[in-house]
2 protein chains.
Amino acid sequence: MALESYNVPLVKMARIPRATVNRLPLYLRVLERYPVEETTVSSQELADLIKENSAKVRKDLSFLGSYGVRGVGYNVEHLRFQIRRELGLTKIWPVIIVGAGNLGSALGKYGGFDANGFSIVGIYDSDPDKIGTTIGDLTVGAMEDIEGDAKELNAEIAIIATPVPAAQEVAERLAGAGFKSILNFAPMVLRVEGDIEIRRVDLSTELQILGYYVQQSLAES
Amino acid sequence: MALESYNVPLVKMARIPRATVNRLPLYLRVLERYPVEETTVSSQELADLIKENSAKVRKDLSFLGSYGVRGVGYNVEHLRFQIRRELGLTKIWPVIIVGAGNLGSALGKYGGFDANGFSIVGIYDSDPDKIGTTIGDLTVGAMEDIEGDAKELNAEIAIIATPVPAAQEVAERLAGAGFKSILNFAPMVLRVEGDIEIRRVDLSTELQILGYYVQQSLAES
DNA sequence: AGGTGTGAAACAGTTCACAGCC
DNA sequence: GGCTGTGAACTGTTTCACACCT
């Protein structure tokens with residue numbers, strides 16, 4: 001008899017829809033700022049806080065399992081815990097930044113990550129003038145350091161904050177170094193082999209989309 | 001006879017789906033980097049460049065009107081023009097930044113906007129120590145300057161790069177000053193009355209979503 | 001009474017597949 | 001032969017509406 005099998009879930013847990021996953025961090029955000037004196041929260045209250053409707057909130061939360069109480073609402077503390085668990089925020093994830101220009105530096109100094117389950121553990125650049133300088137409490141490393149550091153620090157998530165011409169090459173290097181996902185601030189689409197999740201954050205794109213709706217003057221979120 | 005009416009479209013043009021609007025800046029991006037010697041591009045080539053499939057590309061582009069040629073593809077130059085026109089990128093949009101901290105400063109110095117149809121024309125902060133200092137070629141203004149400057153400069157789009165506690169108040173001020181849309185970098189949901197388009201860019205949220213997929217080890221974009 | 005959980009309906013977005021044109 | 005344009009099928013997401021529990 002395979003003893004190890006005891007802890008393996010027999011039924012594959014139903015996957016949470018992407019649209020819902022995208023909203024989970026948002027729920028967590030508002031729950032973390034929720035008044036401490038309130039022990040429960042209703043789907044309607046949550047809906048107001050994230051500008052959605054209560055049916056969507058209930059559907060979303062139902063994917064975490066059924067943790068609400070009819071006639072009462074959801075236990076705030078328990079809900080926070082469930083969402084954190086689902087998002088894997090039970091540990092602090094080490095993250096590295098590649099590119100120590102304006103944006104990379106700003107991200108390195110930005111304190112907001114630590115409170116949200118992530119810690120910037122390294123920042124790298126190819127410019128010899130930048131290597132060795134300090135940003136916040138980090139020292140800028142050389143590109144060649146990435147592979148070794150990543151292994152040592154167990155980093156699986158990287159942020160690309162390089163100029164466009166360098167980004168593709170960096171992405172491939174990161175994939176080779178075993179990174180599982182990349183947050184890409186370079187305004188281009190990265191193409192990398194294998195199972196690697198890439199999300200793009202593109203400021204000009206965001207402005208262009210806003211511009212479209214201003215122009216159409218049908219601003220409605 | 002109303003002479004002015006000649007230029008007014010008689011038929012209200014069909015609205016472009018949100019999902020398509022979100023991709024238009026991406027098409028424009030790749031078309032702007034497209035080899036100059038190529039005069040046409042196929043839906044398959046575009047699809048490869050943005051990591052989508054060709055059917056989606058054809059559907060998207062069909063909303064701009066039918067500008068492709070069967071058996072040949074799309075004229076690159078014409079397509080660029082159509083997308084720019086649709087996004088309203090026939091002029092440079094003036095944009096202001098509120099918040100001159102790490103992120104606001106980095107955005108103010110970031111040169112990438114100008115090439116993409118936007119120009120940062122003002123940056124504001126409430127900290128008296130920052131007011132009057134320069135960031136790039138901008139001088140940090142006081143919050144009270146926003147209303148007057150916005151009118152003078154015709155700015156309708158603003159970027160919020162303040163800390164969370166200030167963001168809601170700033171958003172309301174911007175709405176009052178006549179801004180039509182806001183790009184919000186403060187990690188919270190802004191609630192503002194009236195027809196104002198707000199997009200949120202939240203770094204921790206992005207990381208949390210990536211973390212979820214790393215954890216599930218089903219990284220697939 | 002109040003508020004969740006959830007099938008079912010409605011809607012939005014994607015993909016298929018092929019007629020039609022170059 | 002190659003590639004677009006587009007109805008039709010399909011998949012994913014949102015919303016409705018109400019049974020059910022406290």
Side-chain angles (χ1 to χ4, degrees), chain A residues 13-27 30-31 34 38-80 82-83 86 209 212-213 218 220-221, chain B residues 13-27 31 34 38-80 82-83 86 209 212-213 216 218 220-221:
Chain A
M13 188 158 62
R15 187 84 84 266
I16 298 180
R18 274 186 116 77
T20 297
V21 172
N22 291 342
R23 281 186 296 266
L24 288 181
L26 210 44
Y27 292 121
V30 305
L31 288 171
Y34 206 71
E38 303 281 340
T39 61
T40 61
V41 59
S42 70
S43 58
Q44 184 58 59
E45 289 165 324
L46 277 174
D48 291 344
L49 290 168
I50 70 162
K51 292 206 285 189
E52 298 286 356
N53 63 59
S54 64
K56 191 183 280 183
V57 172
R58 289 199 301 280
K59 255 279 152 63
D60 282 344
L61 299 186
S62 75
F63 291 114
L64 305 178
S66 293
Y67 296 115
V69 179
R70 290 163 198 233
V72 178
Y74 301 85
N75 179 282
V76 176
E77 185 52 41
H78 191 219
L79 197 47
R80 274 197 288 252
Q82 291 299 337
I83 296 175
E86 196 61 48
I209 295 168
Y212 173 82
Y213 290 110
L218 49 75
E220 45 175 0
S221 186
Chain B
M13 190 158 60
R15 190 83 85 266
I16 298 180
R18 275 186 115 78
T20 296
V21 171
N22 290 343
R23 282 187 295 267
L24 289 182
L26 210 44
Y27 293 121
L31 287 171
Y34 206 72
E38 303 280 342
T39 60
T40 62
V41 59
S42 70
S43 58
Q44 185 57 59
E45 289 166 322
L46 277 174
D48 291 345
L49 290 168
I50 70 163
K51 293 207 282 190
E52 297 285 357
N53 63 58
S54 64
K56 191 183 279 184
V57 172
R58 288 199 300 280
K59 255 280 151 63
D60 281 345
L61 299 186
S62 75
F63 291 113
L64 305 178
S66 293
Y67 295 115
V69 179
R70 287 160 200 236
V72 178
Y74 301 85
N75 178 282
V76 175
E77 184 53 40
H78 190 221
L79 197 48
R80 274 196 289 251
Q82 292 299 338
I83 296 174
E86 196 61 49
I209 296 168
Y212 173 83
Y213 289 111
Q216 302 286 319
L218 50 74
E220 44 174 0
S221 186

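Numbered from 1 within each chain, the chains take letters A, B, ... in sequence-line order.
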Return the value, rounded to whole Å, for the distance between atom [atom1] of [X] and atom [atom2] of [N].
| X | N | atom1 | atom2 | value |
| --- | --- | --- | --- | --- |
| B:Lys56 | C:dA17 | NZ | C1' | 18 Å |
| A:Ile16 | D:dG12 | CD1 | C1' | 15 Å |
| A:Leu64 | C:dT6 | CG | C1' | 15 Å |
| B:Leu46 | D:dG2 | CG | C1' | 16 Å |
| B:Arg58 | D:dT6 | CZ | P | 11 Å |
| A:Asp60 | D:dT14 | CG | P | 7 Å |
| A:Phe63 | C:dT6 | CZ | P | 10 Å |
| A:Arg70 | D:dC21 | CZ | C1' | 5 Å |

Short side-chain N/O contact from [X] to OP1 or OP2 of [N], under 4.0 Å:
| X | N | value |
| --- | --- | --- |
| B:Ser43 | D:dC3 | no |
| A:Arg23 | D:dT14 | yes |
| B:Lys59 | D:dT6 | no |
| B:Tyr74 | D:dG5 | yes |

- Query: How long is the gap from OH on A:Tyr74 to CG on A:Leu46, to the nearest 0.5 Å?
  - Reply: 8.0 Å

Nearest-nucleotide pick for [X], side chain only, options being [options]:
| X | options | result |
| --- | --- | --- |
| A:Ser66 | C:dT15, C:dC22, C:dG5 | C:dG5 |
| B:Arg18 | D:dT13, D:dC21, C:dG13 | C:dG13 |
| B:Asn53 | D:dC3, C:dT15, C:dG3 | C:dT15 |

- Item | Sub-4.5 Å side-chain heavy-atom contact between A:Leu64 and A:Ile16 |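 Sidechains of A:Ile16 and A:Leu64: in contact.
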
- Message: In the structure I gave you, are the side-chain heavy atoms of A:Ile209 and B:Val21 within less than 4.5 Å of one another anywhere?
- Response: yes

- Along DNA chain D (nearest heavy atom to each residue), the more 5'-positioned of B:Ala55 and A:Glu52: B:Ala55

- Item | Sidechain-backbone polar pair: A:Arg58 side chain, A:Ser43 backbone, donor-acceptor under 3.5 Å |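 It does not hold such a pair.
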
- Message: Given the ring of A:Tyr213, does B:Arg18 sit roughly above its face, with NZ or CZ under 6.0 Å from the centre of the six-membered ring and within 45° of the axis?
- Response: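 Verdict for A:Tyr213: a cation-pi partner in B:Arg18.
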
